[in-house]
Protein chains: 2
Amino acid sequence: MHCPSTVNGTDNLANGETGRRSCPGERRVRPTYTSRPPYDRDNWVTIVRRGKGSYHMARKQNTSVSIADVAKVAGVSAQTVSRVANGSEAVRPATKKRVLAAMDQLGYRPSFAARSLRAGRYHIVGLAMPSNISATGRRIQFENIATAAADHQYALTLVQINENELSLTEASRRMESLPVDGQILGLGMEPYDFESFVPPSSIPTVIISPKPHPLCATVSNDQVGCAIDVVNYLVDKGHQEIRFAGGRREAPANIGRYKGWLQVMHDKGLSPQEPLFGDWTADSGYRMGTILARDKSCTAIFVANDTMAVGVIYALREAGIRVPEDVSVIGVDDSMVGVIPRLELSSYRFNDERVGSVAFDLATNPPAEDLEMPHILVPGTLVERSTVVPPR
Amino acid sequence: MHCPSTVNGTDNLANGETGRRSCPGERRVRPTYTSRPPYDRDNWVTIVRRGKGSYHMARKQNTSVSIADVAKVAGVSAQTVSRVANGSEAVRPATKKRVLAAMDQLGYRPSFAARSLRAGRYHIVGLAMPSNISATGRRIQFENIATAAADHQYALTLVQINENELSLTEASRRMESLPVDGQILGLGMEPYDFESFVPPSSIPTVIISPKPHPLCATVSNDQVGCAIDVVNYLVDKGHQEIRFAGGRREAPANIGRYKGWLQVMHDKGLSPQEPLFGDWTADSGYRMGTILARDKSCTAIFVANDTMAVGVIYALREAGIRVPEDVSVIGVDDSMVGVIPRLELSSYRFNDERVGSVAFDLATNPPAEDLEMPHILVPGTLVERSTVVPPR
DNA sequence: ACACAGAATGTTAACGTTAACATTCTGCTA
DNA sequence: TAGCAGAATGTTAACGTTAACATTCTGTGT
């Protein structure tokens with residue numbers, strides 16, 4: 001993803017000896033620019049300051065210092081250095097001091113590769129995700145897995161999967177060549193090889209999926225449960241004509257929410273009207289809203305995410321329908337807090353933190369060989385704000 | 001971040017032999033639930049299905065298969081296996097076939113640890129970020145670094161830094177014990193040890209920072225340049241009374257944008273009115289909007305991000321001031337596309353992709369020892385939409 | 001001063017891979 | 001059919017670390 005190299009005249013200043021390309025307008029400035037108020041945009045200067053003594057020296061012996069080097073300098077055996085490095089008790093204070101001094105002097109850092117070669121473990125979990133991490137849900141999931149890992153002193157290694165080829169097999173294959181103790185596959189959409197995927201024997205595998213998999217542990221937000229809770233809530237408030245405004249038809253999350261809505265409507269003996277489907281954006285919500293505005297009998301709308309819910313509300317209000325006085329609206333995700341002033345959108349908040357920690361847990365501490373594969377659905381909670389009231 | 005263990009009665013089904021805790025409401029369901037329309041929320045079933053032959057077999061010899069095992073089975077030397085594994089030409093097709101068969105049979109995977117111990121490289125870059133990755137800007141940065149890494153066949157390892165102790169030294173220390181060839185430190189706020197930080201000699205280090213650092217390469221979006229472009233644009237449209245509605249006072253991004261605004265106002269001989277500051281949220285924008293609504297001479301407002309710009313616009317409109325007819329408003333980030341229907345907010349879009357690729361590039365292919373430390377500011381582009389027009 | 005227990009330190013080997021060199025094949029030429 | 005070049009394969013050693021065992025200290029009690 002390098003910038004097209006339309007390098008303009010003044011730009012060559014930024015091309016270092018390494019041959020790095022720069023983009024038009026990109027510039028290097030001298031270290032002091034922030035303290036020079038009359039910021040001069042066209043006067044690009046190349047900085048000259050360099051590291052001092054210690055840093056420069058350290059760079060010299062860049063070619064990794066090994067435990068043997070430290071041992072030689074400290075006048076002890078490699079094993080003793082290892083003991084000091086690992087905080088063993090059985091080292092005389094005087095020796096320890098000598099070793100620490102030698103480490104410091106040489107800038108010794110234990111080699112991750114050598115350590116994990118011995119240990120057979122990495123203390124890292126891998127996460128495979130599609131490239132557009134930003135999409136709500138995915139992003140939050142990612143963040144929470146990262147947090148769970150950090151809580152357990154694990155690092156997280158990310159493998160980006162091309163949006164267009166969501167294949168569990170491919171994701172897993174790439175992960176296998178990386179230093180990970182377990183892998184979490186969060187591909188969002190159901191990948192085409194979901195059924196046929198066989199997890200590698202070498203690393204525990206968890207799939208983030210609302211659908212169970214015969215050979216892998218799976219974790220997910222409980223989409224159906226979410227819809228059940230939301231629709232029950234609306235019914236409890238007294239609503240009977242509850243419409244469903246969904247997201248992308250084939251999205252697993254959308255399907256789950258739709259199913260839950262349908263089920264409760266049936267269970268309660270209510271007649272579900274034609275569901276609508278959008279594409280998760282506010283615009284598609286707006287479009288559905290214009291249609292829903294014509295349904296005079298409808299008193300509540302369950303929208304499959306908050307972004308679309310905003311669109312629905314705009315459309316309703318433009319059509320002269322008040323929310324919540326005339327029609328109640330509830331979304332999913334609880335993602336609109338602090339984004340739109342004076343909009344207190346009722347919503348459903350998933351427990352992404354829990355999903356992350358369960359996924360991490362299953363990936364690093366997999367169930368025993370002969371146990372069944374867990375399929376865990378994590379419930380969220382309904383967030384009451386002000387867009388749902390009893391019908392008039 | 002485990003769930004408090006108020007495990008209820010029915011819940012113990014979910015407690016596997018591994019002693020894993022489950023949360024109330026969490027459940028395991030049988031694999032077939034999605035195809036069982038009358039979804040029964042209270043009937044939790046534990047799945048029993050297990051892997052078949054091949055999978056089970058593979059699990060057996062879990063304790064990693066080495067190159068020597070493959071060699072033995074294939075009746076060749078380890079070196080030959082290595083050659084096959086690395087796609088060397090110099091292997092007779094018949095031999096290659098035997099080796100591949102042996103690999104397949106045993107489920108051989110080369111050991112990352114051993115390989116990188118030999119190679120001295122990992123093909124992984126490390127990224128240190130504060131825990132709340134979601135914050136606009138940071139998230140996008142993250143995503144773009146991940147993409148840049150993927151483009152170069154690198155994986156990305158994330159180290160989360162506690163929001164409350166943003167220390168470059170600490171971040172770097174943790175990174176040093178991980179398998180990374182280079183590190184990118186993106187701590188957001190300026191960490192307290194920015195000045196005193198000495199990068200490790202072992203791995204190339206890049207800081208994402210609008211301020212240069214004497215010992216490290218630095219990359220950043222050009223905040224000052226952004227403001228300069230935006231304010232010049234407003235001036236070109238004919239605006240003279242241009243107010244600034246900023247974000248968190250001490251945030252580096254906010255400071256840069258403020259400085260750029262101030263500079264252009266001075267350069268153009270315009271008199272800058274008192275700047276306002278919020279906290280990046282729509283609510284704070286709304287608050288600033290109510291104040292700005294009282295300034296009758298102001299014709300344009302430069303808001304330091306889009307979220308606040310939305311708040312400002314709401315407040316203005318509620319005060320009966322039309323946007324853009326009476327007052328033009330422009331934000332930064334271009335983050336509101338598709339979020340609010342019918343709002344076409346003019347904005348400034350940073351080139352985060354470029355920042356990510358430059359950061360990655362500097363981390364994996366650092367400038368030669370005796371070169372000056374680069375400090376690179378990446379410009380963005382102004383996005384004209386419909387909230388800026390010439391003043392009446 | 002001597003024996004001895006236990007602490008401190010050292011030695012060896014192994015983790016899995018591959019570069020560099022060594023050896024053995026293969027097919028071809030004279 | 002010997003000789004040979006070059007292809008195919010094998011052997012050795014090293015990457016940096018640490019578990020397991022071996023050795024050497026140290027101080028204490030006689």
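Residue numbering restarts at 1 for every chain, and letters A, B, ... go by the order of the sequence lines.
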Which atom pairs link the protein and nucleotides 19-23 of chain C when you take only N or O atoms and keep those under 3.5 Å?
| from | atom 1 | to | atom 2 | distance (Å) |
| --- | --- | --- | --- | --- |
| C:dA19 | O4' | B:Arg118 | NH2 | 3.3 |
| C:dA19 | N7 | B:Gln79 | OE1 | 3.1 |
| C:dA19 | N6 | B:Gln79 | OE1 | 2.6 |
| C:dA20 | N6 | B:Gln79 | OE1 | 3.2 |

A:Ser77 has a side chain; which of C:dT18, C:dG10, D:dA8 sits nearest to it?
C:dG10
By ring-ring contact (aromatic ring centres under 6.0 Å, His included), which residues pair with B:Tyr108, not counting sequence neighbours?
none
Hey, does the side chain of B:Arg92 come within less than 4.0 Å of D:dA7's phosphate (OP1/OP2), counting only N and O?
no
Atom-pair distance (CG on A:Leu117; C1' on D:dA14), nearest Å
12 Å
Measure the distance from NZ on B:Lys72 to P on C:dT17 and round it to the nearest whole Å.
14 Å
Less than 4.5 Å apart, side chain to side chain, heavy atoms only: is that true for B:Thr147 and B:Glu353?
no
Got B:Phe112 and A:Ile124 here, is their nearest side-chain heavy-atom distance under 4.5 Å?
no
Are any side-chain N or O atoms of B:Asp181 and backbone N or O atoms of B:His123, one a donor and one an acceptor, separated by less than 3.5 Å?
yes
Can you see if the side chain of B:Thr80 gets near the phosphate of D:dG10 - specifically, an N or O under 4.0 Å from OP1 or OP2?
yes
From the set C:dT9, D:dT17, C:dT18, return the single nucleotide nearest to any side-chain atom of A:Pro110.
D:dT17
C:dG16, D:dA8, D:dT17: which one has an atom nearest the side-chain heavy atoms of A:Ser111?
D:dT17
Decide side-chain hydrogen bond (donor to acceptor under 3.5 Å, both in side chains) for A:Ser209 and A:Ser220; before the verdict, give the C-alpha distance in whole Å, the side-chain angles of both, and the deciding distance to 0.1 Å.
CA-CA 5 Å; A:Ser209 156; A:Ser220 170; over 6 Å; no
Looking at every strand, decide which applies to B:Ser116 at a 4.0 Å heavy-atom threshold: base, sugar-phosphate, or nothing.
nothing
Classify B:Phe112 by what it touches in the nucleic acid, base, sugar-phosphate, or nothing, heavy-atom distance under 4.0 Å.
nothing
Of all the nucleotides listed (C:dT17, C:dT9, D:dT18), which has the minimum atom distance to the side chain of A:Ile67?
D:dT18
Using whole Å, what does the distance between atom C1' of nucleotide D:dC15 and atom OH of B:Tyr122 come to?
11 Å
Can you find a heavy atom in the side chain of B:Met103 that is under 4.5 Å from one in the side chain of B:Val84?
yes
Closest to the 5' end of DNA chain D, once B:Lys96 and A:Ala85 are matched to their nearest nucleotides, is B:Lys96
Round to the nearest Å and state the distance from B:Glu89 atom CD to D:dA7 atom C1'.
13 Å
With axes from five pairs an end, tell me the bend angle of the helix from C:dA1-D:dT30 to C:dA30-D:dT1, nearest 10°.
60°
Check whether B:His213 reaches the backbone of B:Phe197 with its side chain - one donor and one acceptor, N or O, closer than 3.5 Å.
yes
How close or far is atom P of C:dT17 from atom CZ of B:Arg109, stated in whole angstroms?
12 Å
How are the rings of A:His152 and A:Phe360 set relative to one another: parallel (under 30°), tilted (30 to 60°) or perpendicular (over 60°)?
tilted
May I ask you to test the B:Glu176-B:Ile203 pair for a side-chain heavy-atom distance under 4.5 Å?
yes
